[in-house]
> 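First the structure, which I've put down as structure tokens, then a few questions once you've had a look.
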Amino acid sequence: MAIERTLIILKPDCVKKKLAGEVLKRFEQTEGLRIAGLKMKKLNKKILEEHYAHHKDKPFFKALCKFMKSSPVVFSVIEGENAVARVRDMCGPTDSKQAPKGTIRGDLGEDVQMNVIHASDSVETANVEIPRFFKKSELF
Ligand code: UDP
Ligand code: MG
């Protein structure tokens, strides 16, 4: 199986509730996954319009951008075998209320918007999202 890299963003609800360490710990404690990059930053309108371009006509887009700008977020690149799908599985479905216990969103999320974490949804997406937020020299 291929070694992949995937982008995660620990969203404002996660950072405000001081759950960033808890979420990163879950990835670090998963056999074969490791942190390849890590930083904290505030998102702005321009980068959110790029990151969520495929959602710009959705009714939730405006509220999503407001939420994502409401505090700094934590960016990380997680590396490992099959990392893209494994990280998405660990996150659980988008709506925290539908997400099973044992998943990050099921255990720590509030609803469909405040769902703790973004994770790239495919290898192709990861290949676009990682360079959006990390320079090559920031990945190890
Ligand atoms: N979102 C929302 N309302 C919705 C659907 C999604 O606020 O009805 C937010 C939520 O934070 C989600 C993000 O928009 O994580 C991107 O939506 P997507 O469907 O791509 O979900 P994901 O890939 O994050 O599971
Ligand atoms: Mg998505």
Side-chain angles (χ1 to χ4, degrees):
M1 218 174 280
I3 300 286
E4 297 169 353
R5 284 180 170 180
T6 191
L7 178 86
I8 61 165
I9 305 175
L10 306 183
K11 297 184 178 183
D13 58 320
C14 178
V15 173
K16 284 182 204 164
K17 288 198 245 168
K18 301 203 281 187
L19 292 170
E22 163 65 27
V23 176
L24 290 171
K25 186 179 84 176
R26 291 185 183 215
F27 295 122
E28 285 201 303
Q29 290 188 340
T30 299
E31 184 71 35
L33 294 183
R34 68 173 195 94
I35 294 171
L38 187 64
K39 66 167 80 167
M40 192 172 191
K41 216 176 161 176
K42 241 186 143 179
L43 288 162
N44 61 40
K45 186 169 181 261
K46 185 169 170 281
I47 200 94
L48 280 166
E49 280 176 352
E50 192 183 312
H51 182 69
Y52 285 128
H54 53 297
H55 288 316
K56 77 171 193 310
D57 297 325
K58 305 269 171 68
F60 60 80
F61 180 72
K62 217 178 152 194
L64 173 62
C65 289
K66 192 176 172 208
F67 162 59
M68 291 297 289
K69 286 191 299 184
S70 67
S71 85
V73 295
V74 173
F75 301 87
S76 184
V77 172
I78 304 295
E79 184 185 270
E81 275 190 7
N82 202 20
V84 174
R86 284 166 77 199
V87 167
R88 285 282 291 194
D89 284 351
M90 287 173 70
C91 293
T94 307
D95 187 350
S96 306
K97 294 204 167 84
Q98 311 284 324
K101 288 291 159 212
T103 65
I104 290 165
R105 287 165 166 173
D107 292 344
L108 310 172
E110 279 179 40
D111 54 28
V112 70
Q113 180 189 72
M114 290 186 272
N115 60 3
V116 189
I117 185 167
H118 166 84
S120 305
D121 61 11
S122 69
V123 172
E124 293 70 35
T125 307
N127 287 341
V128 174
E129 291 183 344
I130 291 168
R132 178 173 295 143
F133 298 108
F134 285 88
K135 298 180 202 149
K136 269 199 171 139
S137 61
E138 295 171 324
L139 296 170
F140 302 92

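Residue numbers count from 1 along this sequence. Both counts, for ligands and for their atoms, begin at 1 and track the order of listing.
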> Answer side chain, backbone, both or neither: which part of His51 comes under 4.0 Å from ligand 1, heavy atoms only.
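Under 4.0 Å from ligand 1, His51 contributes no heavy atoms.
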> Identify which of Arg88, His118, Lys11, His54 has a heavy atom lying nearest to atom 23 (O) of ligand 1.
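Closest candidate by heavy-atom distance is Arg88.
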> Which residue and non-hydrogen atom of the protein lie closest to atom 24 (O) of ligand 1, and at what distance in Å?
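In this structure, atom 24 (O) of ligand 1 has Arg105 NH2, 3.0 Å as its nearest protein heavy atom.
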> Can you confirm whether Lys66 is buried at NZ, in the sense that more than 12 heavy atoms of other residues, nucleotides or ligands lie under 6.0 Å from that atom?
no
> What protein heavy atom sits nearest atom 8 (O) of ligand 1, and how far off is it?
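Ranking protein heavy atoms by distance from atom 8 (O) of ligand 1, first comes Phe60 CD2, 3.5 Å.
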> Validate the cation-pi geometry between Lys39 and Phe134: distance from NZ or CZ to the six-membered ring centre under 6.0 Å, angle to the ring axis within 45°.
yes
> Flag the pair His118 / Lys11 as yes when at least one side-chain heavy-atom distance between them is below 4.5 Å, and no otherwise.
yes
> Tell me whether Glu50 is salt-bridged to Lys46, with the criterion being a basic N under 4.0 Å from an acidic carboxylate O.
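Here Glu50 does not pair with Lys46 in a salt bridge, since their nearest N and O are not under 4.0 Å apart.
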> Nearest protein heavy-atom contact for atom 21 (O) of ligand 1: which residue, which atom, what distance?
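I find the closest protein heavy atom is Thr94 OG1, 3.2 Å.
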> Which ligand 1 atoms, with their elements, are less than 4.0 angstrom from a heavy-atom of Asn115?
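Taking each heavy atom of Asn115 in turn, ligand 1 has 10 (C), 11 (O), 12 (C), 15 (O) under 4.0 Å.
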> When you measure from the side chain of Ser96 to the backbone of Val112, do you find a donor-acceptor pair of N or O atoms at a distance under 3.5 Å?
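Judged by distance alone, no pair lies under 3.5 Å.
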> May I ask you to identify the nearest protein heavy atom to atom 20 (O) of ligand 1, giving residue, atom name and distance to one decimal place in Å?
His55 NE2, 2.8 Å
> Can a donor-acceptor pair be found, under 3.5 Å and without considering hydrogens, that links the side chain of Lys69 to the backbone of Lys42?
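No; zero donor-acceptor contacts below 3.5 Å.
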> Which bit of Leu64 gets closer than 4.0 Å to ligand 1, counting heavy atoms only: side chain, backbone, both or neither?
side chain
